[in-house]
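Notes for the one structure printed next.
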Amino acid sequence: MANIVVAGFGGQGILFAGRLLAQAAMEEGKFTTFFPSYGAEMRGGTAHCLVIISSEEIASPIFKNPDLAIFLNEPSAKKFLPLMKKDGLAVLNSSLIKDYSLPEGIKIVKVPATELAQKLGDGKVANLAALGAFLMKSKILSLEAMEKSLKVMLTGEKIKLLDINLAALRKGVESMEKL
């Protein structure tokens, strides 16, 4: 079982990234939960979600100490890094996170997610760049399941966002292949 927190500012696609993780887990036949939380302001306020992925049934969608994390901004990293389990893995958006204290035993992976997204022409897909890096380093889900989940979730009016989201996801994966 993996307890995952995805956190950042409202408007960074935090909840979408969490829903994608849960959808990809279902695509792979795993049990999953998705528990969103966001501040009073939708854009600019804080947002985070808790995702559990397991091969067995899940008793509760809430946990205190994540095993894995994706942090897209500095306040989120400062809030959640101290709560992480020893031997945990945290993916940090190094474009926006410069100052953080690292608890002992946590592995940090830095990805310039915002920068990668901007090079693709849309800074709003930094969440997908970070998610790609997360997939590569955590090995919790396959890239294929995530790509399929994007195709499931981005339909109708949102279909026009599919290509840029797939490109950002792949850029995040590629950024980790170079390490």
Fill in: Any side-chain heavy-atom pair of Ile4 and Leu50 under 4.5 Å
no
Discussion item. Is it the case that over 12 heavy atoms from other parts of the model lie below 6.0 angstrom from the NZ atom of Lys171?
Written reply: no
Practice prompt. With rounding to the nearest 0.5 Å, note down the distance linking CG in Leu83 to NZ in Lys64.
Written response: 9.0 Å
Worksheet item: What is the distance from atom CG of Leu89 to atom CD1 of Ile70, rounded to the nearest 0.5 Å?
Response: 9.0 Å
Worksheet entry | hydrophobic_cluster_shared for Met176 and Leu20, side chain cutoff 4.5 Å | yes
Worksheet entry | Pair Phe71-Val91, side chain to side chain contact (heavy atoms under 4.5 Å, CB included): steps then yes or no | CA-CA 6 Å; Phe71 301 126; Val91 172; over 6 Å; no
Item to complete: Look only at the side chain of Lys139 and the backbone of Leu135, and say whether a donor-acceptor pair between them is shorter than 3.5 Å.
Response: no
Discussion item. Quick one, Glu147 and Asn165 - any side-chain contact, counting heavy atoms below 4.5 Å?
Written reply: no
Discussion item. Assess the residue pair Met84 and Asn65 against the criterion (side chain to side chain contact (heavy atoms under 4.5 Å, CB included)); give the C-alpha distance rounded to whole Å, side-chain angles, the decisive distance to 0.1 Å, and a yes or no.
Written reply: CA-CA 5 Å; Met84 292 196 64; Asn65 305 102; over 6 Å; no
Worksheet item: Just how far is it from atom CD1 of Ile97 to atom CG of Leu92, taken to the nearest 0.5 Å?
Response: 4.5 Å
Discussion item. So, applying side chain to side chain contact (heavy atoms under 4.5 Å, CB included) with Leu166, which one of Val125, Leu154, Leu161, Leu150 is it?
Written reply: Leu150
Worksheet, complete the sentence: Across all chains, not counting sequence neighbours, the side chain to side chain donor-acceptor pair (under 3.5 Å) partners of Ser54 are none
Item to complete: Would you please test Lys85 and Asp67 for side chain to side chain contact (heavy atoms under 4.5 Å, CB included) and show each step?
Response: CA-CA 5 Å; Lys85 289 182 183 172; Asp67 306 295; 3.0 Å; yes
Discussion item. Just verifying a value: how many Å separate Lys151 NZ and Thr155 OG1, rounded to the nearest 0.5 Å?
Written reply: 13.5 Å
Response to the item:
Between Gln118 and Gly123 the two heavy atoms that sit nearest each other are CG-CA, 4.0 Å
Item to complete: Verify the cluster assignment for Ile140 and Met1: are they in a single hydrophobic cluster under the rule of side-chain heavy atoms below 4.5 Å apart?
Response: no
Practice prompt. Please round to the nearest 0.5 Å and tell me the distance separating atom NZ of Lys137 and atom OG of Ser175.
Written response: 9.0 Å
Worksheet item: Can any side-chain N or O of Asn93 pair as donor or acceptor with the backbone N or O of Leu72 at less than 3.5 Å?
Response: yes
Discussion item. Under 4.5 Å between side-chain heavy atoms, counting indirect links through other Ile/Leu/Val/Met/Phe/Trp/Tyr residues: same cluster for Ile164 and Met153 or not?
Written reply: no
Worksheet, complete the sentence: Interatomic distance, CZ@Phe16 vs CG@Leu128, rounded to 0.5 Å, equals 6.0 Å
Worksheet item: With sequence neighbours left out, what residues match Leu102 under side chain to side chain contact (heavy atoms under 4.5 Å, CB included)?
Response: Tyr100, Ile106, Ile108
Practice prompt. Only counting residues at least two apart or in another chain, list the ones meeting side chain to side chain donor-acceptor pair (under 3.5 Å) with Glu115.
Written response: none
Worksheet item: Can Leu21 be reached from Leu169 by stepping across I, L, V, M, F, W or Y side chains whose heavy atoms are under 4.5 Å apart?
Response: yes
Item to complete: Indicate, with yes or no, if Ile53 and Phe34 share a hydrophobic cluster defined by side-chain heavy-atom contacts under 4.5 Å among Ile, Leu, Val, Met, Phe, Trp and Tyr.
Response: yes
Discussion item. Closer than 3.5 angstrom, by distance alone: can the side chain of Glu28 be matched with the main-chain N or O of Ser142 as a donor-acceptor pair?
Written reply: yes
Worksheet, complete the sentence: On a heavy-atom basis, the closest approach of Leu15 and Pro36 is CD2-CB, 3.7 Å
Discussion item. Val51 vs Phe35, test: side chain to side chain contact (heavy atoms under 4.5 Å, CB included). Steps then yes/no.
Written reply: CA-CA 6 Å; Val51 178; Phe35 194 85; over 6 Å; no
Discussion item. Could you check whether any side-chain N or O of Ser37 sits under 3.5 Å from a backbone N or O of Cys49, counting only pairs where one atom can act as donor and the other as acceptor?
Written reply: no
Item to complete: Quick one: which residue pairs count as a ring pair (Phe, Tyr, Trp, His ring centres under 6.0 Å) with a foot in residues 110-140, not counting sequence neighbours?
Response: none
Worksheet item: In chain order, what residues pass the side chain to side chain donor-acceptor pair (under 3.5 Å) check against Asp99, with sequence neighbours excluded?
Response: Lys78
Worksheet item: What pairs with Phe80 under ring pair (Phe, Tyr, Trp, His ring centres under 6.0 Å), at least two apart in sequence or on another chain?
Response: His48
